[in-house]
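Written below as structure tokens is the structure these notes are about.
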Amino acid sequence: MIKRLRESLAAHIKEKYGVEISVALEKPPKLEMGEAASPVCFELAKRLKRAPRQIAQEIATGLPAIPGVARLEVAGAGYLNVFLDRGTFWQSLFDSKSAAGQAKDAAAHKVIVEHTSINPNKAAHIGHLRNAVLGDTIARILRNAGERVQVQNYIDNTGVQVADVVIGFQHMEKKSVADVRTMAAQPGFDYLCWDLYARVTQFYEQDKAQGAALRGATLRAIEEGHGEAAEMGTIIADAIVGFHLRTMKRLTISYELLARESEILHLKFWDAAFAKLKEAGAIQLATTGKMAGCWIMPAEKDGVTREDTESAQHEEEENTQDKIIVRSNGTVTYVGKDIAYQLWKFGLLGKDFNYKRWPDSPAGETVWTTTTDADDPAAPHFGEPASRVYNVIDTRQSYLQDVVAQGLRGLGHAEAAANSIHFSYDIVALTPRCASELGHQLSREDAKKPYVEVSGRKGLGVKADDLITKLEEATLAEVQKRHAEMTEDEQKATAHTIAVGALRFFLLKFTRTTIIAFDFEDALSFEGETGPYCQYAVVRIRGIRRKGAEAEPGKATAQAAKFLVGPEGAGLWELLLQAGMLDYASDAAIGAQEPAFVAKYAFQLAQAFNNFYHKHHILSEQDVEKRAFLLGLTEIVERQLVKALSLLGIEAPERM
RNA sequence: GCGCCCGUAGCUCAGUUGGAUAGAGCGUCUGCCUUCUAAGCAGAGGGUCGCGUGUUCGAAUCACGCCGGGCGCGCCA
């Protein structure tokens, strides 16, 4: 409706004044001023050199009728205030029943969302959860908007972090491949690796030269895929991926494809990308300077290069800005592999993986992985080119994501580069109090800071499973208190649903650029702007509907317009309007790449409902028509709120 | 040094195509459970939107310059 209004206004203005203009629409400060307002006449006034109020008046009277819009009014210095037809609005919302978002278009281009992508060498922590929850949520929002989304999780199973843990087992713990295989099958292996990884860092400190040598040799063995180190690396990485999948499953996060670095290497993806980059001249072999022998991507210079004084000095400096893609020893850096992977995502590499089912996927789920083994013909067509790619990666890697995009541009794929979206977000840090609660010794400087950075290397961080468990315990205690009548299983299921709601909402309510200073107290809060608050509103509605049976749609709709006007109707109208704005919020979330918009919407709708709940006692309403109307309204609110929460990956329990 | 991000109420944050009186949650204080679940509601208090200049009919929002904080710039990922 908003879209239609915008178009009609723009068309009318073009016809009447011959001015092409994008019509801005905003929410008026007060509901008495209408449901939407446009300051477009101020802009027109400037172009036409006439008084804004006068133009507004002309448009208000001259604009042909728009379905769903009751009238336009001129307000203030020249605002156009729009008043919707409340009965029509109710009708369309009530009739949209179970219309699941916008219709899914089978012909839609594929969109890839890559998220999680945790190094498979230790348990997941709270920072990884922000990544996974953001990625999972934007994927849900895009799907709901009709996009064909494929979710991938990149597994760096041949990287240095895996190598570090291998070194820990081999050289510190003196474990054999068989030992590690046994340990990896046990619960808690991910936690064991967490601790070991932190100790390896200290181990390196003792003899830096030896550490570096060990690391280089182990990494090379793992990359080439032979020897005990490689075997151990595979066991560790595969096992840890299994732990990660189960952790994420607890938050209803799943994946279609695990794209592994081992296949990028062994199926020669990098070689193919390397050849293309060389051919296009996107990378160059450095012959002098400290990068001699490396293949580098020259730093992109924006604007004019300065050729004046101290040119030698400058060149020297600029050279250090170049990005090394292939090291002088011939091994490729992470960015290089990422360029190959990104090319594949857009179908520009000219190669494809083989696929097989991941053997260790969570119960009831099929997850696929890349493989050098025989291709399973039942696998979905993962190699189909994507039209857009969202890479959910923290903001510290912005520079590297730019290099990847630069690589695409260098190969002449400007469009793919433009459709490579670095869906960036800032870190989750710990409040100093939280860090010391975890037993971390704070330096004097750290204690003064507002937050302390999580560090896998130091083993400092809140492990994802610990946090989820802690939340479940807290919610379970509360559920037991309130619902002694439930079976133990019901109590646990309810507590779990609430815990997930609390955690996901907590991670989603902040915009992406906000550093979250994590504290158990905030995360364990169930009051105010939280997931449970939103869930509670749904639970209240369900309670009413259990006792009040179904609304009678015919009766409710016939009388709706009557109840939505006047001083008493204003509040009801406000709630209905808020309920109807979900698509708007979802579109805004996609446009701004900001899932927090949907979280904000859900909270505001829940808030509007709670307000309504206290003003109107539905079941004791004597007026039969009004009762039917109020029930109908709660039905609409429930549907929209449940939908909004589902976009956030949050379910509402029946009782809580 | 260069690049990116941030600075809004006591605290944590919204305010993203520039728009009408700058909002929410938490915390504090005051009320509200024999009535659909109080994980709730109502009310009070709380602001030089870091500072300055500029653009504009209009700036928390845009530009430039400062101040303060964070991150990145590695033959790590």
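A quick note: this is a predicted structure, and the numbers were derived from the prediction, not measured. Labels below follow one simple rule: chain letters A, B, ... track the order of the sequence lines, proteins then strands, and each chain is numbered from 1.
A:A163 comes within 4.0 angstrom of nothing in the nucleic acid, heavy atoms only. Nucleic acid contact for A:N611: sugar-phosphate only, since backbone atoms but no base atoms lie under 4.0 Å from a heavy atom of the residue. The residue A:I541 sits apart from the nucleic acid: no heavy atom pair falls under 4.0 Å. As judged by a 4.0 angstrom heavy-atom cut-off over every strand, A:V160 is placed among residues touching the sugar-phosphate backbone only. Contacts of A:T511 with the nucleic acid, taken as non-hydrogen atoms under 4.0 Å apart, include base atoms. Counting any heavy atom pair closer than 4.0 Å across all strands shown, A:R215 reaches no nucleic acid atom. Across all strands, A:H422 comes closer than 4.0 Å to no nucleic acid atom at all (heavy-atom distances). Contacts of A:G159 with the nucleic acid, taken as non-hydrogen atoms under 4.0 Å apart, are absent.
Aromatic ring centres of A:F269 and A:Y341: separated by at least 6.0 Å. Residues A:F42 and A:Y79 place their aromatic rings such that the two centres sit under 6.0 Å apart. Within the 6.0 Å centre-distance limit, the rings of A:F603 and A:Y533 are counted as a close aromatic pair.
When rounded to the nearest whole Å, the span between CG of A:L285 and C1' of B:C75 equals 13 Å. One interatomic measurement links the two molecules: CG of A:D322 to P of B:C73, which rounds to 15 Å at whole-angstrom precision. Following rounding to the nearest Å, A:E594 (CD) and B:G15 (C1') show an atom-to-atom distance of 12 Å. Here the P atom of nucleotide B:A14 and the CZ atom of A:F505 are 12 Å apart, to the nearest Å. To the nearest angstrom, P of B:A77 lies 13 Å from OH of A:Y399. Rounding to whole angstrom units, NE2 of residue A:H616 and C1' of B:G40 are separated by 16 Å. Distance A:I325 CD1 to B:C76 P: 12 Å, rounded to the nearest Å. In this structure, OH of A:Y341 is placed 15 Å from C1' of B:A77, rounded to the nearest angstrom.
In this structure, B:U34 makes no Watson-Crick or G-U wobble pair, since no nucleotide meets both defining distances under 3.5 angstrom. Nucleotide B:C62: paired with B:G54 (Watson-Crick or G-U wobble, both distances less than 3.5 Å). Across all strands shown, B:U17 forms no Watson-Crick or G-U wobble pair with both key distances under 3.5 Å. Base pairing annotation: B:A9 forms no Watson-Crick or G-U wobble pair, as no partner gives both donor-acceptor distances under 3.5 Å. Nucleotide B:C75 has no partner under the Watson-Crick or G-U criteria, as no pair reaches both atom distances under 3.5 Å.
Between B:C49 and B:A14, the two C1' atoms lie 13 Å apart (nearest whole Å). A distance of about 15 Å separates the P atoms of B:U30 and B:G45, rounded to the whole Å. Comparing B:A59 with B:C51, their C1' atoms are spaced 16 Å from each other, to the whole Å. Taking the C1' atoms as reference points, B:U28 lies 29 Å from B:G69, given to the whole Å. Comparing B:C13 with B:U8, their P atoms sit 9 Å apart, to the nearest whole Å. Taking atom P in both B:A44 and B:G50, the straight-line distance is 27 Å, to the nearest Å. Rounded to the nearest Å, the gap between the P atom of B:U61 and that of B:U17 is 13 Å. The C1' atoms of B:G52 and B:G7 are separated by 16 Å, rounded to the nearest whole Å.
A side-chain donor from one of A:D519 and A:T431 sits under 3.5 Å from a side-chain acceptor of the other. Side-chain atoms of A:Y334 and A:D156 include no donor-acceptor pair closer than 3.5 Å. Using modelled atom types, one finds no donor on one side chain facing an acceptor on the other under 3.5 Å when comparing A:N329 with A:R220. Side chains of A:T497 and A:T494: no donor on one and acceptor on the other come within 3.5 Å. In this structure, a donor-acceptor pair under 3.5 Å is present between the side chains of A:E261 and A:T158.
Under the 30°/60° scheme for interplanar angles, the aromatic rings of A:F506 and A:F510 are found to stand perpendicular.
Of the side-chain N and O atoms in A:R512, none sit less than 4.0 angstrom from OP1 or OP2 of B:C5. For B:A77, the OP1/OP2 oxygens have no side-chain nitrogen or oxygen of A:R457 closer than 4.0 Å. Proximity of A:R327 to the phosphate of B:A77: a side-chain N or O atom is located under 4.0 Å from OP1 or OP2. For A:R545 and B:C36, the shortest distance from a side-chain N or O to OP1 or OP2 is not below 4.0 Å. Within the structure, a side-chain polar atom (N or O) of A:Y613 is placed less than 4.0 Å from OP1 or OP2 of B:A38. Regarding contacts with the backbone of B:A14, every side-chain N or O of A:Y601 stays at 4.0 angstrom or more from both OP1 and OP2.
Side chain of A:N119, nearest nucleotide from B:A39, B:A77, B:C71: B:A77. Side-chain proximity of A:Y451 to B:A39, B:A77, B:G70: nearest is B:G70. Here B:C75 is the nucleotide among B:C73, B:C75, B:G70 with the atom lying nearest to any side-chain atom of A:S328. For A:I515, counting side-chain heavy atoms from C-beta on, the closest listed nucleotide (B:G70, B:G40, B:U16) is B:G70. The nucleotide whose nearest atom lies closest to any side-chain atom of A:R540 is, among B:C5, B:C36, B:G40, B:G40.
Interface remark: the A:T514 side chain does not form any donor-acceptor pair with the B:C13 base, using a distance-only criterion of under 3.5 Å.
Residues A:V166 and A:I236 have side chains in contact (heavy-atom distance under 4.5 Å, counting atoms from C-beta outward).
For A:R512 and A:F423, the positive end sits near the middle of the six-membered ring, less than 6.0 Å away and at most 45° from its axis.
Nearest-nucleotide positions on RNA chain B for A:G293 and A:H483 put A:H483 closer to the 5' end. For the pair A:F526 and A:N329, both in contact range of RNA chain B, the more 5′-proximal nearest nucleotide belongs to A:F526.
Using a cutoff of 4.0 Å between basic side-chain nitrogens and carboxylate oxygens, A:K27 and A:E35 are not scored as salt-bridged.
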(request) Going 5' to 3' through nucleotides 17-27 of chain B, assign each nucleotide B (protein heavy atom under 4.0 Å from a base atom), S (under 4.0 Å only from sugar-phosphate atoms) or - (no protein heavy atom that close). (result) B-BBB--SSS-
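Glycosidic conformation of B:C33 is syn; the angle stays within 90° of 0.
With centroids closer than 5.5 Å and planes inclined by less than 30 degrees as the test, A:H617 and the base of B:U35 fail to qualify as a stacked pair.
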